[in-house]
Amino acid sequence: MIVRLLGGPLAGRVLETTDAPWHGDWLTAGDADWGLYVPVDRDPVTGIVLAEAQVTIPRRR
């Protein structure tokens, strides 16, 4: 499965995963900040998933 990342610190990158469903994840690369990416669309013909960065606000403990 191919996941295209939109927005956030990893915008424009492509992630290749196994054929298992992808439900989103926290991702980072190199010196980039961590970003939570969630799937927003899946093309039924190609199987390509579009994932957007979800805005998160740190909680104080």
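- A distance of 8.5 Å separates CG in Leu36 from CG in Leu27, rounded to the nearest 0.5 Å.
- Leu6 pairs by the side-chain contact (heavy atoms from CB on, under 4.5 Å) definition with Leu50, Glu52, not counting sequence neighbours.
- A donor-acceptor contact shorter than 3.5 Å links the side chain of Tyr37 to the backbone of Gly7.
- Of all heavy-atom pairs between Leu5 and Leu10, the closest is CB-O, 3.7 Å.
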Return a table of donor-acceptor pairs under 3.5 angstrom between the side chains of residues 39-49 and protein atoms on other chains or two or more places apart.
residue	atom	partner	partner atom	Å
Asp43	OD1	Val45	N	2.8
Asp43	OD1	Thr46	N	3.3
Thr46	OG1	Ile48	N	3.2

